[in-house]
Amino acid sequence: QVQLVESGGGLVQAGGSLRLSCAASGRTFSSYFMAWFRQTPGKEREFVAVISWSGASTDYADSVKGRFTISRDNAKNTVHLQMNSLKPEDTAVYFCAAGFWGTTTPSDFNFWGQGTQVTVSS
């Protein structure tokens with residue numbers, strides 16, 4: 001069992017940066033793939049980034065490649081999403097997720113945080 005708590009969301013101007021964090025409870029954090037998804041009202045949850053157990057492998061949605069970076073610290077049970085060059089279309093609730101498979105599909109992830117709002121103004 002893993003419990004996830006996101007933080008770091010907020011309001012930022014276009015072109016700015018934010019760093020999201022996800023703190024995980026449980027001793028098996030390093031066993032999970034960790035991912036970030038985002039969702040806007042009326043739309044399905046969208047894949048943003050995923051990182052492997054060791055952190056050696058990552059994958060990103062095309063819409064965020066080159067702007068966002070996912071990282072993890074297994075000693076501190078945390079995963080981060082550094083978001084640079086933010087655009088108004090990045091506005092969403094961002095969710096942290098843990099799962100046994102490194103996919104881009106929300107249903108493949110077993111544990112979810114409550115989400116943190118990111119708003120990018122133009």
Side-chain angles (χ1 to χ4, degrees):
Q1 192 79 4
V2 177
Q3 293 184 328
L4 305 172
V5 179
E6 302 97 334
S7 61
L11 173 64
V12 64
Q13 289 188 332
S17 298
L18 279 176
R19 186 181 191 228
L20 304 184
S21 296
C22 175
S25 65
R27 294 175 293 176
T28 58
F29 173 77
S30 60
S31 300
Y32 294 97
F33 283 87
M34 298 299 298
W36 289 94
F37 290 82
R38 65 188 181 186
Q39 191 170 23
T40 54
K43 293 189 176 181
E44 293 186 353
R45 202 159 290 190
E46 175 190 26
F47 167 74
V48 175
V50 65
I51 189 167
S52 62
W53 308 310
S54 66
S57 178
T58 58
D59 192 18
Y60 297 91
D62 288 342
S63 58
V64 307
K65 277 181 182 176
R67 300 189 298 123
F68 290 12
T69 302
I70 188 171
S71 62
R72 68 188 295 163
D73 185 340
N74 287 339
K76 296 182 178 180
N77 281 14
T78 56
V79 62
H80 302 284
L81 185 69
Q82 178 65 44
M83 305 186 295
N84 299 328
S85 302
L86 282 161
K87 305 175 181 179
E89 51 263 44
D90 293 319
T91 295
V93 177
Y94 283 71
F95 296 90
C96 174
F100 296 107
W101 306 100
T103 76
T104 63
T105 305
S107 60
D108 287 340
F109 287 82
N110 306 83
F111 306 104
W112 293 85
Q114 82 289 349
T116 185
Q117 177 70 47
V118 171
T119 303
V120 184
S121 63
S122 57

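Count residues from 1 along the sequence. Computed from a prediction, not measured in an experiment: that's the story for all the values here.
- Below 30°, between 30° and 60°, or above 60°: for Phe68 and Tyr94 the angle between ring planes is between 30° and 60°, a tilted geometry.
- The list of salt bridge (charged side-chain N to carboxylate O under 4.0 Å, His left out) pairs with a residue in residues 80-97, not counting sequence neighbours, reads Arg38-Asp90, Arg67-Asp90.
- Listed by first then second residue, pairs satisfying side-chain hydrogen bond (donor to acceptor under 3.5 Å, both in side chains) with a partner in residues 52-62 read Asp62-Lys65, not counting sequence neighbours.
- Between Leu4 and Ala24, the shortest heavy-atom distance links the atoms CD2-CB, 3.5 Å.
- Aromatic ring centroids of Phe100 and Tyr32 lie under 6.0 Å apart.
- Under a hydrophobic-cluster definition in which Ile, Leu, Val, Met, Phe, Trp and Tyr are linked whenever side-chain heavy atoms come within less than 4.5 Å, directly or via other members, Phe29 and Phe95 are assigned to different clusters.
- Atom OG1 of Thr105 and atom CZ of Arg45 lie 13.5 Å apart (nearest 0.5 Å).
- For residues 83-122, the pairs satisfying disulfide bond (SG atoms under 2.5 Å apart) are Cys22-Cys96, with sequence neighbours left out.
- Taken from OG in Ser71 to CG in Leu81, the straight-line distance is 8.5 Å, to the nearest 0.5 Å.
- In terms of hydrophobic clustering, with Ile, Leu, Val, Met, Phe, Trp and Tyr side chains grouped at heavy-atom distances under 4.5 Å, Trp101 and Trp36 are assigned to a common cluster.
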Worksheet item: What's the verdict on side-chain contact (heavy atoms from CB on, under 4.5 Å) for Val79 and Ile70, showing C-alpha distance, side-chain angles and the deciding distance?
Response: CA-CA 7 Å; Val79 62; Ile70 188 171; 4.0 Å; yes
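- Glu6 meets the salt bridge (Lys or Arg N to Asp or Glu O under 4.0 Å) test with no other residue; sequence neighbours excluded.
- Nearest heavy atoms, His80 versus Ser21: ND1-OG, 2.9 Å.
- Within the 3.5 Å criterion, the main-chain N or O of Thr91 finds no donor-acceptor partner in the side chain of Thr119.
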Please list, one pair per line, the donor and acceptor atoms closer than 3.5 Å that link side chains of residues 106-113 to other protein atoms, with sequence neighbours excluded.
from   : atom 1 : to     : atom 2 : distance (Å)
Asp108 : OD2    : Thr103 : OG1    : 2.8
Trp112 : NE1    : Phe109 : O      : 3.4

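- Counting only heavy atoms from C-beta outward, the side chains of Val5 and Gln3 never approach each other to under 4.5 Å.
- Cluster membership for Leu20 and Ile51, using ILVMFWY side-chain heavy atoms within less than 4.5 angstrom, is shared.
- Distance check, rounded to the nearest 0.5 Å: CE of Met83 to CZ of Arg19 gives 11.5 Å.
- Under the 4.5 Å side-chain contact rule for hydrophobic residues, Val48 and Phe33 do not share a cluster.
- Under the 4.5 Å side-chain heavy-atom criterion for grouping Ile, Leu, Val, Met, Phe, Trp and Tyr, Val120 is connected to Val64 within one hydrophobic cluster.
- Among all heavy-atom pairs drawn from Val93 and Gly115, the shortest one is CG1-CA, 3.8 Å.
- The nearest pair of heavy atoms linking Gly9 to Val118 is CA-CG2, 4.2 Å.
- Under the side-chain hydrogen bond (donor to acceptor under 3.5 Å, both in side chains) criterion, the residue pairs touching residues 7-17 are Ser17-Asn84, with sequence neighbours excluded.
- Counting heavy atoms of neighbouring residues, nucleotides and ligands inside a 6.0 Å radius, atom CD of Gln114 exceeds 12 of them.
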